[in-house]
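Comments concern the structure below.
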Amino acid sequence: DPGNWSGGRVGCGQLIGSNMGVGAVALQAWMGPGCRLSPAVMRDLPRSTYEAIALENYWQPLGCDALPAGLDLMAFDFGWNRGVPQSLSLLRSCYEDHTSEQRACPAFWRTLLLGLPVADIALVQRHLRVRDDGVAGPATLAALNSRPNAAPWIAVLAFYAAQVASYKRLHSFAIYGGGWLARTARRR
């Protein structure tokens, strides 16, 4: 994993490892250029340092405090793995770039649901108590429009589907993809 190396690439710099998801480059940036990073420093990383990095470098820049529960974790964890800009961009394309008027429109929901697997559409339908056929048809869209409180929950599913698609486009998917998808599915 390139994140385990102090130079950010396999074989570049010193093999430091990672701890609690904090890689060598991230820890070096946090500690500053004068700090001597070593495998022992990484191994003994205090939880408080992990929490400070997570809060300052990911949670706050992603505005997670302002996101609905569930969507906050999806944005944070994807940002931790893929980077804050990628997470923000994907979040906006799935949900935030749409006004409340657009979110009240059946076309918005149809677009949002189109990226979901049939099983997730059926899950949405069961939650909304409409026929669970896995097709985002008029009954599903009408039920969504009548339940605005479902928006964050559906957005989590849509954000999940977009994250999976994003991972599958990466050149390193063949190496790390199984782990990324398993982590994303557990978070969902």
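By the criterion of side-chain heavy atoms lying less than 4.5 angstrom apart, applied directly or through intervening Ile, Leu, Val, Met, Phe, Trp or Tyr residues, M42 is grouped together with W30 in one hydrophobic cluster. Under a hydrophobic clustering in which Ile, Leu, Val, Met, Phe, Trp and Tyr are joined whenever their side-chain heavy atoms come within less than 4.5 Å, directly or via other members, V164 and Y176 fall into the same cluster. Grouping the Ile, Leu, Val, Met, Phe, Trp and Tyr side chains by contacts below 4.5 angstrom, directly or via other members, places L157 apart from V118.
Looking at S172, its side chain never comes within 3.5 Å of a backbone N or O of I175 through a donor-acceptor pair. The backbone N or O of G7 lies less than 3.5 Å from no partner atom in the side chain of Q14, so there is not a single donor-acceptor pair. Side chain of D72 to main chain of D65: no donor-acceptor pair is present (N/O by atom type, distance under 3.5 Å, no hydrogens or angles). Listed for the Q125 side chain is no donor-acceptor partner under 3.5 Å among the backbone atoms of T140.
The shortest side-chain heavy-atom distance between L27 and I16 does not fall under the 4.5 Å cut-off. R36 is not listed as a side-chain neighbour of V41, based on a closest heavy-atom distance of 4.5 Å or more. The side-chain heavy atoms of I121 and V135, taken from C-beta on, include no pair separated by under 4.5 Å. Annotation: side chain of V84 is not in contact with side chain of N57 (no heavy-atom distance under 4.5 Å). Residues V10 and N4 are not in side-chain contact: their nearest non-hydrogen atoms beyond the backbone lie 4.5 Å or more apart.
Rounded to the nearest 0.5 angstrom, R187 CZ and F78 CZ are separated by 8.0 Å. L15 contributes atom CG, which lies 4.5 Å from atom CH2 of W5 (distance to the nearest 0.5 angstrom). W180 CH2 to K168 NZ: the interatomic distance, rounded to the nearest 0.5 Å, is 13.0 Å. Atom CZ of R131 and atom CZ of R126 lie 13.5 Å apart (nearest 0.5 Å). Atoms CG and CD, on L55 and Q60 in that order, are 4.0 Å from each other to the nearest 0.5 Å. In this structure, F159 CZ and S87 OG are separated by 4.0 Å, a value rounded to the nearest 0.5 Å.
Using cut-offs of 30° and 60° on the angle between ring planes, the pair Y58 and W80 is tilted.
For R9, there are no salt bridge (charged side-chain N to carboxylate O under 4.0 Å, His left out) partners two or more places apart in sequence or in a different chain.
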- Item | Trace of the side chain to side chain contact (heavy atoms under 4.5 Å, CB included) decision for L67 with L73 | CA-CA 9 Å; L67 294 173; L73 178 60; over 6 Å; no
- Task: Start with the C-alpha distance between L170 and R82, add both sets of side-chain angles, then the distance that settles side chain to side chain contact (heavy atoms under 4.5 Å, CB included), and finish with yes or no.
- Result: CA-CA 10 Å; L170 296 175; R82 290 274 293 129; 3.5 Å; yes
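The shortest non-hydrogen separation linking V130 to A139 is CG1-O, 4.0 Å. Taking each heavy atom of V22 and A26 in turn, the nearest pair found is CG1-CB, 4.4 Å. When all heavy atoms of M20 and L45 are compared, the closest pair comes out as CE-O, 3.4 Å. C64 approaches A75 most closely through the heavy-atom pair SG-CB, 4.4 Å.
A donor and an acceptor atom, one from each side chain of N81 and Y167, are located under 3.5 Å apart.
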